[in-house]
Amino acid sequence: MKVVNIVGSGSLNTELDLETLSEEIGPPQARYDPDKYPGIYLRFEKETPLITIYRTGKYIITGPTSEEEVFDLRERFLNFLSDMDVIENAADEWFSVQNYVCTEDLNQTLNLNALAIGLGLEQTEYEPEQFPGLIYRPEKHNGVVLLFATGRVVITGCQSVDAAEEIFTDLKDDLAEFV
DNA sequence: TGAGCGGCTCCTTATATATCAGCTTCGG
DNA sequence: CCGAAGCTGATATATAAGGAGCCGCTCA
């Protein structure tokens, strides 16, 4: 199971002046175009996860590939704002991970038409003319699975890696029954 | 009839996955 | 000059966020 993306969100619990803040940080770390989108995009280094900051003090982190990375980045972000005197203390008790995107490989090609029937037509959507992957929503889980004819699998919508792994384990068990 | 408000959809960002159309570029 | 090859952007999935725009409803 490989984690390819994590989305986390938190709140600084204070209103922010985005115009001033974006100027204080400055490009290229901060990008702010309120006509295009109401948040500041903050990236500490190129090719690293993105933090989106809102007027209300809420923020989103997108792009980390491990739990350690997402929490380290959150800490760095809070310290950064604290050093700039934007916030008083580097604490934020509301932060939580909202979504994990994971990939896996079944190491076998799949007949997606047969799979749609096997997994249950009510839990699956497969319209190859619209999208080449089969969308599977397991009844007993919150996550959503994308299955491809190559055997590659994308699992998204999970609040933990364990949840994603559970979905994959159940998927393999289901496949063993009718493949 | 029109003002106001609530609810809804879309936009944007990250990311894997694959398949199409449409476009540019390159070689013979 | 034309076919092939390569590239780009659309398609779909989840999720947070704020704002714009839209629709329908209620009340004066």
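We name chains A, B, ... by the order of the sequence lines, and we start the count at 1 in each one.
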Discussion item. Please confirm whether the shortest side-chain N or O distance from A/R152 to OP1 or OP2 of B/dA18 is below 4.0 Å.
Written reply: yes
Discussion item. Using the side-chain heavy atoms of A/L146, tell me which of these nucleotides is nearest: B/dT17, C/dG19, C/dA16.
Written reply: B/dT17
Worksheet, complete the sentence: Regarding the side chain of A/Q130, the nearest nucleotide among C/dT15, C/dA17, C/dA12 is C/dA12
Worksheet item: Does the pair A/K2/A/E165 count as a salt bridge with the N-to-O cut at 4.0 Å?
Response: no
Worksheet, complete the sentence: The nucleotide from C/dT13, C/dG18, B/dA18 with an atom nearest the side chain of A/F131 is B/dA18
Response to the item:
Rounded to whole Å, CD1 of A/I167 lies from C1' of C/dT13 at a distance of 12 Å
Response to the item:
Out of C/dA16, B/dA16, B/dT17, minimum distance to the side chain of A/T62 belongs to C/dA16
Discussion item. So if I take every side-chain heavy atom of A/V101 and compare against B/dA18, C/dA16, B/dT15, which nucleotide ends up nearest?
Written reply: B/dT15
Practice prompt. Identify, between A/I135 and A/N142, the residue whose nearest nucleotide on DNA chain C lies closer to the 5' end.
Written response: A/I135
Worksheet item: Separation of A/D35 atom CG from C/dG21 atom P, in whole Å?
Response: 11 Å
Worksheet item: Between the main-chain N or O of A/L78 and the side-chain N or O of A/S82, is there a donor-acceptor pair closer than 3.5 Å?
Response: no
Worksheet entry | Spacing between A/N5 atom CG and C/dA16 atom C1', to the nearest angstrom | 12 Å
Discussion item. Among C/dT15, B/dT12, C/dT13, which nucleotide has an atom closest to any side-chain atom of A/Y37?
Written reply: B/dT12
Discussion item. In whole Å, I'd like the distance from the CD atom of A/E47 to the C1' atom of B/dA14.
Written reply: 12 Å
Worksheet item: Please give, in whole Å, the distance from B/dA14 C1' to A/K46 NZ?
Response: 19 Å
Discussion item. Nearest to the A/Y41 side chain among C/dA17, B/dT13, B/dA18, which nucleotide is it?
Written reply: B/dT13
Worksheet item: Which part of the nucleic acid does A/V4 contact within heavy-atom distance under 4.0 Å: base, sugar-phosphate only, or nothing?
Response: sugar-phosphate
Discussion item. Under a 4.0 Å threshold between the charged nitrogen and the carboxylate oxygen, would A/E125 count as salt-bridged to A/R137?
Written reply: yes
Worksheet item: Reckon A/E127 touches a base, only the sugar-phosphate, or nothing at all at heavy-atom distances under 4.0 Å?
Response: nothing
Item to complete: With rounding to the nearest 0.5 Å, note down the distance linking CG in A/L21 to CD1 in A/I53.
Response: 5.5 Å
Item to complete: Rounded off to whole Å, could you give me the CG-to-P distance for the A/L12 and C/dA17 pair?
Response: 13 Å
Worksheet item: Say you draw a straight line from CD1 of A/I6 to SG of A/C158; how long is it, rounded to the nearest 0.5 Å?
Response: 11.5 Å
Discussion item. I'd like to know if A/T103 reaches the base of B/dA16 with its side chain, counting only an N/O donor and acceptor under 3.5 Å.
Written reply: no
Fill in: Below 4.0 Å: OP1/OP2 of C/dA17 and any side-chain N or O of A/T52
no
Fill in: Distance in Å, A/I40 CD1 paired with A/R55 CZ, rounded so as to fall on 0.5 Å steps
12.5 Å
Discussion item. With a 4.0 Å cutoff (strictly under), does any side-chain N or O of A/R43 reach OP1 or OP2 of B/dT13?
Written reply: no
Discussion item. Below 30° counts as parallel, above 60° as perpendicular, anything between as tilted: where do the rings of A/F95 and A/F71 land?
Written reply: perpendicular
Item to complete: For the side chain of A/R31, starting at C-beta, report the closest nucleotide among B/dT13, B/dA18, C/dT13.
Response: B/dT13
Worksheet item: Of all the choices, B/dA18, B/dT13, C/dA16, which nucleotide is nearest to the side chain of A/L50 once you look at every atom?
Response: B/dT13
Worksheet item: Can a side chain N or O of A/R137 be found less than 4.0 Å away from OP1 or OP2 on C/dA14?
Response: yes
Worksheet item: A/Y32 OH to B/dT12 P: how many Å, rounded?
Response: 16 Å
Discussion item. What contact category does A/T65 fall into here, base, sugar-phosphate, or nothing, at under 4.0 angstrom with non-hydrogen atoms?
Written reply: nothing
Discussion item. Output the rounded distance in Å from CG (A/L73) to P (B/dT13).
Written reply: 18 Å
Practice prompt. Counting heavy atoms from C-beta on, name the nucleotide in C/dA17, C/dT15, B/dT17 closest to the side chain of A/I60.
Written response: C/dA17
